[in-house]
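Below you'll find the structure, written out as structure tokens, and then a few comments.
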Amino acid sequence: MTAPDFRLYNTLTRKVESFSPADGKTVRIYTCGPTVYRPAHLGNFRTFLFEDLLRRAIELRGWKVKQVMNLTDVDDKIIKAASEQGTTIAEVTAPITKIFHADRAFLRIQDAELYPKATDHIPEMIEIVKRLVDKKLAYKADDGSVYFAIDKFKDYGKLSRLDTREVKAGARVIQDDYSKENAQDFALWKAAKPEDERTGAAWDSPWGRGRPGWHLECSAMAMKYLGETLDIHCGGIDLIFPHHEDEIAQSEGSTGKLFSRFWCHGEFLLTEGSKMAKRLGNVATVQDLRDQGVPAAAFRHFVFSTHYRKQLNMSSEALEGSIEGVRRIGDFVQRLAEAKGATPELEKIAADAEAEVTAALFDDLNAPIALGALFTFIRKANAELDRNGVDKRALETARKAFGRINSVLDVVPESVGADPEIARWVEERLTARKDARSRREFAEADRIRAEIESKGIAIEDTPHGTKWRLR
RNA sequence: GGCGCCGUGGCCAAGUGGUAAGGCGGCAGACUGCAAAUCUGCUAUUCGUCAGUUCGAUUCUGACCGGCGCCUCCA
């Protein structure tokens, strides 16, 4: 049996290409992480969920993953916040980093192998700048900062395909960079300002006190932990330019080697029809999800219901559809767990579903197709389970197939446990209802049911007794 | 101004040069004391508009309309 093809869209070539790790075993992925000055919003998490899907699909394919996600803990906004609060950047970033990991855990985003911080890699960054200066690809300007000279790097623009001469009307204005030789040159090392010193954001370097430019940390940490040529580099679509373009320039400029074989970018999450962004004030966070009682599984379902390269508009209607969808998945899982057997037909239904899901995921992470196949599986399997078969092997096959499908999507809602007091009350009421029903006093039974449901609890009568759950 | 993406049923969303997956919602039926859950059937003769290519286009080409994004520090 030949190994299945694994296809991914590569921004570098603008094509879906066949992918496999360079060493045949471990996929080395670098994913641009959050700037920890405020809790990441759901748009950020859409990207992180796409990366989670990628790593899980790779693992399902049978490869190992070594993923590095950086935490940007020094940048203009962090310095500004520290400056305003009269503290240091470390004091700003520490609590936000904790929130990030908690939010990530809530959304069941798997741990990357490493979460390096920019401030822990200043020497590595300085080393890259040195090499670039030696190669005359970078220069120290009058303002004390070091800039990358983009016209010395012939491949500049190969990722974003932006013609640097065409940056014109409508574009955000280029400001206050008089010292640069070329307006498009970007900072590798920024000369320290008083507030940098005050907030602990300045380090010694061969060019004087200063701090790293934005792009530098990713080049330094990616190459340190994953080697000079990565398998895949991911991020949000807005990072293509300038961030990733500049990473390529720095990295390839300093090593002379290809920086990343594949570049993969996730599209935006929109709210109210436009990009979710802090500066637009339309951000929602994981905390909002918690407050609204949206299960993590439902948000995963919602994100995966649209292909990662397509914009996704968040609406309460769509979110509710996902909540209902994962409720159905959860009921199915429970049914699968409680079944004693199944009809033999279930065996093929499960195998077909798994094959379809796998094929979809390996074809540029087509999660919407995978979800479609999962729901078809659930409908057909429920129909078989309705027939009360006794085939244990078919049942076991279905359980395992579901398990593998869910190992990538992870869309089973967490079972919400009621507190013991409520549970005792519900059990007592259900007993009363059962007595009423056995006396055929249905009006009383229905009254009790309404009483239970008014507390936000759903009940359903089954051949094996009455079940209930919070809803 | 340059570059790019998108427009499929009430909502969300796949998809292919050969005649529209799936989910949510709705309607009807089976089951149930009644519900719920589950299952079954129905719910787009049509894929923004107009042309063109083709035996045939939602799928290719062009124009137009509409939405979104990038063009230096935003996932």
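- Among residues two or more places apart in sequence or in another chain, the ring pair (Phe, Tyr, Trp, His ring centres under 6.0 Å) test is passed with A:His301 by A:Phe375.
- The aromatic ring centroids of A:Phe48 and A:Phe45 lie less than 6.0 Å from each other.
- Scored by the salt bridge (charged side-chain N to carboxylate O under 4.0 Å, His left out) test, A:Asp120 finds no partners at all (sequence neighbours excluded).
- Pair check for B:rU46 finds none; no Watson-Crick or G-U wobble contact set falls under 3.5 Å.
- Protein atom CZ of A:Phe268 is 15 Å distant from nucleotide atom P of B:rC5, rounded to whole Å.
- Residues meeting the ring pair (Phe, Tyr, Trp, His ring centres under 6.0 Å) test with A:Phe362, sequence neighbours left out: A:Phe6.
- For A:His244 and A:His265, the distance between ring centers is under 6.0 angstrom.
- Legend: residues meeting ring pair (Phe, Tyr, Trp, His ring centres under 6.0 Å) with A:Tyr30, ordered by chain and number and at least two apart, are A:His233.
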Is there any protein nitrogen or oxygen under 3.5 Å from a nitrogen or oxygen in nucleotides 28-33 of chain B, and what are the pairs?
from, atom 1, to, atom 2, distance (Å)
B:rG33, N7, A:Arg437, NH2, 3.3
B:rG33, O6, A:Arg437, NE, 3.0
B:rG33, N1, A:Asp446, OD1, 3.0
B:rG33, N2, A:Asp446, OD1, 3.4
B:rG33, N2, A:Asp446, OD2, 2.7

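- Under the ring pair (Phe, Tyr, Trp, His ring centres under 6.0 Å) criterion, A:Tyr115 pairs with A:His101, sequence neighbours left out.
- For the segment residues 340-349 of chain A, no residue has any heavy atom less than 4.0 angstrom from an atom of RNA chain B.
- A:Asp151 meets the salt bridge (charged side-chain N to carboxylate O under 4.0 Å, His left out) test with no other residue; sequence neighbours excluded.
- Here the nucleotide nearest the side chain of A:Lys190, chosen from B:rC70, B:rU72, B:rC73, is B:rC73.
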Any chance you could list the contact pattern along nucleotides 6-14 of chain B? Use B for base contacts, S for sugar-phosphate-only contacts and - for none, protein heavy atoms under 4.0 Å, 5' to 3'. SS---SSSS
When you compare the protein's N or O atoms with those of nucleotides 37-41 of chain B, which come within less than 3.5 Å of each other, and at what distance?
from, atom 1, to, atom 2, distance (Å)
B:rA37, O3', A:Arg327, NH2, 3.0
B:rU38, OP1, A:Arg327, NH2, 2.9
B:rU38, OP1, A:Arg328, NE, 3.3
B:rU38, O3', A:Asn382, ND2, 3.3
B:rU38, O2', A:Asp386, OD1, 3.3
B:rU38, O2', A:Asp386, OD2, 2.8
B:rC39, OP1, A:Arg328, NH2, 3.0
B:rC39, OP1, A:Asn382, ND2, 3.4
B:rC39, OP2, A:Arg328, NH2, 3.2
B:rC39, O4', A:Asp386, OD2, 3.2

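- Of all nucleotides present, only B:rC3 satisfies the Watson-Crick or G-U wobble test against B:rG69, with each distance under 3.5 Å.
- Among A:Asp76, A:Asp75, A:Thr119, the single residue meeting the side-chain hydrogen bond (donor to acceptor under 3.5 Å, both in side chains) criterion with A:Arg211 is A:Asp76.
- Residues meeting the side-chain contact (heavy atoms from CB on, under 4.5 Å) test with A:Arg335, sequence neighbours left out: A:Asn382, A:Leu385, A:Asp386.
- In this pair, A:Phe299 and A:Phe302 present their aromatic rings tilted. The plane angle is within the 30 to 60° band.
- Comparing A:Gly321 and A:Leu42, the nucleotide of RNA chain B nearest to each residue sits closer to the 5' end for A:Gly321.
- The salt bridge (charged side-chain N to carboxylate O under 4.0 Å, His left out) test applied to A:Arg56 returns A:Asp52, A:Asp410, not counting sequence neighbours.
- Rounded to whole angstrom, the span from the CZ atom of A:Arg447 across to the C1' atom of B:rA35 amounts to 16 Å.
- Side-chain atoms of A:Lys77 and base atoms of B:rC73 include no donor and acceptor less than 3.5 Å apart.
- Judged by Watson-Crick or G-U wobble contacts below 3.5 Å, the nucleotide B:rG33 has no partner.
- Other residues, nucleotides and ligands contribute at most 12 non-hydrogen atoms within 6.0 Å of the CZ atom of A:Arg440.
- Partner assigned to B:rU58 is none, using Watson-Crick or G-U wobble distances below 3.5 angstrom.
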